[in-house]
Amino acid sequence: LCHFVDRGQPSAVRVLTDHSSLVDAWRRGYSPSAQRNGVVARIKRRFPLLSLEVVHVAGTANIADGLSRGR
């Protein structure tokens with residue numbers, strides 16, 4: 001986000017991930033995980049004009065899944 005999004009301009013980003021707890025944390029605005037809470041809070045604070053949609057994609061349907069696991 002820091003590299004691709006101008007914080008001073010309204011923008012929309014869709015993130016596709018197989019990390020279901022991140023999807024839930026973003027949707028609710030908080031997580032039982034302090035680390036995820038920190039990530040969500042920092043994104044919202046640093047990018048107030050950003051419309052971010054976090055969407056779950058099953059690992060088997062995620063073309064980057066093998067790469068992320070070193071395959």
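Quick caveat, the model's predicted, so the values are computed rather than measured.
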Visitor: Does S20 have any side chain to side chain contact (heavy atoms under 4.5 Å, CB included) partners at least two apart in sequence or in another chain, and if so, which?
Guide: H56

Visitor: Extract all donor-acceptor atom pairs below 3.5 Å that involve side chains of residues 31-42 and protein atoms in other chains or at least two apart in sequence.
Guide:
from, atom 1, to, atom 2, distance (Å)
S31, OG, S33, N, 3.0
S33, OG, Q35, N, 3.4
S33, OG, R36, N, 3.3
R36, NE, S21, OG, 3.4
N37, OD1, S31, N, 2.5
N37, ND2, S31, O, 2.7
R42, NH1, G38, O, 3.4

Visitor: Can you name the side-chain hydrogen bond (donor to acceptor under 3.5 Å, both in side chains) partners of R14, sequence neighbours left out?
Guide: E53

Visitor: First locate atom CG of L49, then atom CD of Q9, and finally report the distance between them rounded to the nearest 0.5 Å.
Guide: 8.0 Å

Visitor: Please list, chain by chain and in numerical order, all residues satisfying side chain to side chain contact (heavy atoms under 4.5 Å, CB included) with L1, sequence neighbours excluded.
Guide: V5, V13, I43, F47, L50

